[in-house]
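Right, one structure below, let's go through it.
Quick note on labels: first sequence line is chain A, next is B, and so on, each numbered from 1. Please read all numbers here as calculations on a predicted model, not as lab measurements.
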Protein chains: 2
Amino acid sequence: MCTLNPAAVRVGGEILLLVRVGERVRDVEDDWVAYVVFDPDAGQTVVKKIRKDNPHLDTSDPRGYFLDGKMLLTSLSHLRIARSRDGQKFTFDPQPAIYPATPYEAFGCEDPRITLIDGRYYITYTAVSDRGVTVAMVGTDDFVSFERQGIIFPPYQKDVAIFPQKVRGMYVCRHRPYMSEFNLASIWTAYSPDLHCWGHHEITVAPKPDSWESDRVGCGAAPIRTEAGWLEIYHGKDENGRYALGAMLSDLEHPERVICRSSQPVFVPEADYEISGIYGNCVFSNGLIVDDDGTMTIYYGAADRICAAATTTVDEMIAAAQG
Amino acid sequence: MCTLNPAAVRVGGEILLLVRVGERVRDVEDDWVAYVVFDPDAGQTVVKKIRKDNPHLDTSDPRGYFLDGKMLLTSLSHLRIARSRDGQKFTFDPQPAIYPATPYEAFGCEDPRITLIDGRYYITYTAVSDRGVTVAMVGTDDFVSFERQGIIFPPYQKDVAIFPQKVRGMYVCRHRPYMSEFNLASIWTAYSPDLHCWGHHEITVAPKPDSWESDRVGCGAAPIRTEAGWLEIYHGKDENGRYALGAMLSDLEHPERVICRSSQPVFVPEADYEISGIYGNCVFSNGLIVDDDGTMTIYYGAADRICAAATTTVDEMIAAAQG
């Protein structure tokens with residue numbers, strides 16, 4: 001159904017994208033809707049069906065059916081590696097890298113981030129189930145074997161990006177608790193002694209009224225250390241539902257303190273494939289590659305349907321954050 | 001306006017309740033509604049007013065006004081100590097023990113739990129603000145001076161009860177993430193090396209369909225170690241909005257594993273002051289005192305308005321959990 005929101009990492013001579021692949025049921029009889037979930041008891045993926053004339057069914061959202069007010073995703077996502085020598089032509093691995101395997105992943109594994117720390121790669125991704133929307137972590141040394149580390153944030157959580165090095169003796173991450181009747185969805189910072197247990201939570205970036213990021217914000221790929229501070233490309237959603245990207249800089253020693261963020265987005269949906277898709281008018285990035293010469297490739301999901309890329313430079317993004 | 005949901009602890013020869021005290025604006029002109037918040041910039045409590053004929057104002061919920069879909073609490077809560085020799089007649093301290101003091105507490109400090117660990121008392125409570133509903137921790141040795149420890153869980157979180165001793169080398173707690181479009185509000189378990197950073201999250205108790213606890217569950221006071229397992233009095237809400245109390249037992253070495261829980265509630269709203277109040281048909285407990293002879297006093301909030309108490313025994317509650 002869709003390949004979207006890739007994490008990106010350079011491993012040896014290759015660029016790897018860890019792509020969220022959403023699969024749906026292909027052939028459904030006329031009077032039914034169907035969806036697919038991982039059944040933890042059976043240990044496999046199963047197809048579920050609901051009659052279209054069920055009065056408790058709401059099919060108005062392309063991303064999920066609502067049945068009695070509970071959401072059922074139209075697609076089941078897993079994470080799959082696509083490999084490239086040049087960062088432009090990619091070949092998918094024949095098998096998934098991370099496929100739903102626990103009750104916390106019954107509705108899918110989504111939107112990964114990758115951080116290299118001391119020679120080991122840590123992948124964080126959204127684990128969705130009827131237990132809620134949580135964040136799980138997987139470790140790997142080689143992108144061949146993966147070691148599951150369990151749930152590192154309770155629901156409702158998404159968009160966890162771990163920093164590539166310790167700050168003041170502790171690991172650091174951004175995380176993104178969800179909105180509520182009291183607050184809009186904002187970017188938070190947390191610290192950890194061991195990457196498993198997280199605390200010292202502080203809100204870092206909240207939506208700005210009447211702006212491109214008025215409705216919600218969330219972090220992107222792992223922050224990049226620069227002389228100007230930690231550089232990040234993050235996403236903001238406005239009141240019309242448009243997702244765009246912004247740049248921000250935070251203090252190297254206290255990354256919960258934002259130095260500056262771009263008053264205007266650095267990247268907005270413009271191309272046809274960004275305007276139309278599954279969730280239209282949307283660019284969403286959780287993967288960056290920076291070359292030695294400062295070229296930055298932003299890999300992103302377009303309209304929740306495909307993967308795309310855009311290039312810029314670290315210096316340009318620092319200037320944008322300051323502008 | 002209300003004194004509710006007390007934590008309870010025996011200190012020296014006294015029983016202390018740490019009571020949530022909700023204060024509202026007393027005299028409001030006819031055409032206005034008023035509410036009170038802590039203003040972190042001013043460093044003090046301020047009164048805010050909204051005209052009743054504001055078309056964006058919804059006053060149908062007694063606990064909060066909705067303005068443009070954002071909730072504003074009708075009362076500002078702080079935590080205050082009430083002292084007793086006999087556990088029945090209490091005298092309030094003249095000053096608050098924990099009063100809103102940070103931006104995370106702008107809308108109040110609510111529903112405390114107290115746990116004694118190695119001679120020090122740890123108080124967890126709900127901190128509410130426009131940043132969300134989070135849980136903060138305070139340490140004290142004497143209930144005279146209090147040391148703030150910051151936010152230990154990101155939003156949307158309530159009902160954090162820390163176990164009185166380490167389990168398999170780590171601190172343990174229950175916590176209660178909120179409901180979402182995917183899940184009902186359930187009790188989770190987490191572990192920590194230091195009481196500040198929490199991880200290894202697992203869901204422990206989810207609502208049971210068509211029962212007294214069909215809509216949501218949340219933990220009560222700190223679990224009590226017994227030979228039958230960790231004993232807890234927790235709350236459940238049903239589809240009619242009634243809050244009742246149940247008993248559960250969990251594994252001493254793996255408290256994320258429930259041994260049994262009461263099929264019927266152990267305590268339900270019956271008295272007038274439990275049926276009618278601010279949020280009626282509600283008993284909610286986060287404070288227990290156990291005597292040497294096994295007598296258990298359950299302190300609880302009744303209808304979100306007053307504090308009450310009920311007595312039982314540890315053995316009776318173990319039997320109820322097994323029933």
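- Annotation: B/Asp68, atom CG; neighbour count of heavy atoms from other residues, nucleotides and ligands within 6.0 Å is above 12.
- Contact record, A/Phe182 with B/Lys70: O-CD, 3.7 Å, taken as the closest heavy-atom pair.
- Neither the backbone nor the side chain of B/Gln149 comes within less than 4.5 Å of any heavy atom of chain A.
- When all heavy atoms of A/Asp130 and B/Asn183 are compared, the closest pair comes out as O-CB, 3.1 Å.
- Put simply, the side chain of B/Pro155 does not reach to within 4.5 Å of the side chain of A/Ser180, judged on heavy atoms.
- Of the listed residues B/Gly132, B/Pro154, B/Gly69, B/Gly150, the one with more heavy-atom pairs under 4.5 angstrom with chain A than any other is B/Pro154.
- In terms of non-hydrogen atom pairs under 4.5 Å with chain A, the most contact-rich of B/Ile152, B/Ile151, B/Leu72, B/Leu184 is B/Ile151.
- Contacts of B/Ser129 with chain A are made by backbone atoms alone, with heavy-atom separations under 4.5 Å and no side-chain atom involved.
- At a threshold of 4.5 Å between non-hydrogen side-chain atoms, the residues A/Arg131 and B/Ser186 do not count as touching.
- Proximity to chain A (any heavy atom under 4.5 Å) is restricted, for B/Tyr191, to the backbone atoms N, CA, C and O.
- Of the inter-residue distances, the one linking B/Thr102 atom OG1 with A/Glu202 atom CD reads 10.0 Å to the nearest 0.5 angstrom.
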Give the intermediate values and the outcome of side-chain contact (heavy atoms from CB on, under 4.5 Å) for residues B/His196 and A/Trp198. CA-CA 8 Å; B/His196 292 272; A/Trp198 293 91; over 6 Å; no
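- Contacts between B/Met170 and chain A at a heavy-atom distance below 4.5 Å involve the side chain alone, from C-beta outward.
- A/Cys197 and B/Ser192 get closest at one heavy-atom pair: SG-CA, 4.4 Å.
- Taken to the nearest 0.5 Å, the CD atom of A/Glu181 stands 8.5 Å off from the CG atom of B/Leu73.
- In the displayed structure, A/Lys48 atom NZ is contacted under 6.0 Å by at most 12 heavy atoms of other residues, nucleotides or ligands.
- Without hydrogens or angle criteria, A/Tyr104 side chain to B/Ile203 main chain gives a donor-acceptor distance under 3.5 Å.
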